[in-house]
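Here's the structure, in structure tokens; my notes come after.
Everything quoted here is computed from the prediction, not taken from an experiment.
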Amino acid sequence: MKKLLLLLTLVIFVPLAGLAQDTFELSPSQSMLMTGKGAGQDGAINPYYGEPCYAIVSNNGSTPFSVRIQQDGEIIKTIEVKQKTKKKIKLLKKDELYIDASTQAKASLTLNFIPLGAQKKTPNKF
């Protein structure tokens with residue numbers, strides 16, 4: 001009976017441990033390293049880290065926030081994500097992705113990753 005209970009518990013909870021969080025809330029003025037430095041990062045697990053991919057950042061809140069791309073401590077690009085919009089951001093091999101909430105309001109976002117080759121292809125009309 002104990003073995004059955006243990007097996008049932010493992011079947012239910014082990015798959016949950018493998019899920020990466022993809023929805024985040026940041027306090028006003030908070031910055032968070034989402035991905036790019038491996039162990040010890042604040043946020044999401046990028047399954048494509050170490051190779052070029054796309055980060056899909058969706059602003060679920062009512063205020064804009066910024067996405068900052070850094071590499072070796074140098075800011076490469078800053079992108080504003082307006083309220084209720086989605087941005088597809090190309091990340092290179094060593095890019096670090098940060099989310100910066102505005103000073104006045106919290107940021108609410110969803111973050112997902114897709115491999116570089118997973119773009120929608122337009123059908124050939126010929």
Side-chain angles (χ1 to χ4, degrees):
M1 182 68 180
K2 288 183 183 182
K3 288 182 182 180
L4 181 61
L5 183 60
L6 177 63
L7 181 62
L8 183 61
T9 303
L10 288 174
V11 167
I12 292 172
F13 290 108
V14 169
L16 294 176
L19 296 176
Q21 181 181 6
D22 63 356
T23 302
F24 301 91
E25 285 201 16
L26 280 69
S27 302
S29 298
Q30 183 180 2
S31 290
M32 183 180 282
L33 170 62
M34 300 307 289
T35 186
K37 286 190 177 177
Q41 68 195 26
D42 293 331
I45 295 170
N46 179 355
Y48 310 106
Y49 182 68
E51 59 186 82
C53 66
Y54 288 105
I56 309 299
V57 182
S58 300
N59 186 341
N60 304 328
S62 57
T63 57
F65 59 81
S66 3
V67 174
R68 180 170 27 111
I69 309 299
Q70 285 188 202
Q71 199 174 86
D72 298 323
E74 182 180 328
I75 297 174
I76 306 296
K77 186 187 285 188
T78 303
I79 302 162
E80 182 181 43
V81 182
K82 296 186 189 264
Q83 58 270 26
K84 306 296 181 190
T85 62
K86 185 185 289 189
K87 293 277 184 177
K88 183 177 179 181
I89 301 165
K90 185 176 182 179
L91 296 176
L92 300 178
K93 189 175 181 177
K94 295 181 181 180
D95 285 352
E96 301 165 4
L97 183 131
Y98 290 82
I99 303 294
D100 300 317
S102 73
T103 57
Q104 294 87 10
K106 68 180 182 176
S108 176
L109 65 122
T110 304
L111 177 64
N112 293 297
F113 300 93
I114 58 172
L116 202 56
Q119 302 179 56
K120 279 189 175 179
K121 296 182 179 179
T122 55
N124 191 349
K125 295 183 180 182
F126 300 106

- Query: In terms of side-chain heavy atoms, does Asp22 have a donor or acceptor partner in Thr110 at a distance below 3.5 Å?
  - Reply: no
- Message: For the OH atom of Tyr54 and the CD1 atom of Ile89, what is their distance to the nearest 0.5 Å?
- Response: 11.5 Å
- Query: Would you say the side chain of Leu109 lies within less than 4.5 Å of the side chain of Thr23, judging by non-hydrogen atoms?
  - Reply: no
- Indicate the atoms forming the closest heavy-atom contact of Asp72 with Glu96, along with that distance. N-OE2, 4.3 Å
- Task: For Tyr49 and Lys93, work out which heavy atoms get closest and say how close.
- Result: CE1-O, 4.0 Å
- Message: Using every non-hydrogen atom in the two residues, find where Gln83 and Gly61 come nearest and quote the distance to one decimal.
- Response: CB-O, 3.4 Å
- Item | Heavy-atom pair with the smallest gap, counting every atom of Ala101 and Ala107 | CB-CB, 3.9 Å
- With side chains defined as the heavy atoms from C-beta onward, is the minimum distance between Lys88 and Ile114 less than 4.5 Å? yes
- Query: Side chain of Lys90, backbone of Cys53: donor and acceptor closer than 3.5 Å?
  - Reply: no
- Looking at Leu91 and Ala55, what are the two nearest heavy atoms and their distance? CD1-CB, 3.8 Å
- Counting N and O atoms only, with roles assigned by atom type, does the side chain of Ser102 sit under 3.5 Å from a partner on the main chain of Ala105, one being a donor and the other an acceptor? yes
- For residues Lys87 and Ile79, determine if any side-chain heavy atom of one lies less than 4.5 Å from a side-chain heavy atom of the other. yes
- Task: Working to the nearest 0.5 Å, report the span between CZ of Arg68 and CD1 of Ile76.
- Result: 12.0 Å
- Give the intermediate values and the outcome of side chain to side chain contact (heavy atoms under 4.5 Å, CB included) for residues Leu111 and Leu97. CA-CA 11 Å; Leu111 177 64; Leu97 183 131; 4.2 Å; yes
- Candidate pair Thr35 and Ile45, rule side chain to side chain contact (heavy atoms under 4.5 Å, CB included), full reasoning: CA-CA 6 Å; Thr35 186; Ile45 295 170; over 6 Å; no
- Query: Among the clusters formed by ILVMFWY side chains lying less than 4.5 Å apart, do Val81 and Ile75 turn up in the same one?
  - Reply: no
- Please examine the side chains of Phe113 and Ile56, heavy atoms only from C-beta on, and report whether any two atoms are closer than 4.5 Å. no
- Item | Verify same cluster id: Leu92, Tyr48 (apolar side-chain graph, 4.5 Å) | no
- Can you find a pair of side-chain heavy atoms, one from Pro28 and one from Lys106, that are under 4.5 Å apart? yes
- Residues Lys82 and Thr85: closest non-hydrogen pair is O-OG1, 2.5 Å
- Item | CD on Glu74 to CD1 on Ile69, rounded to 0.5 Å | 13.0 Å
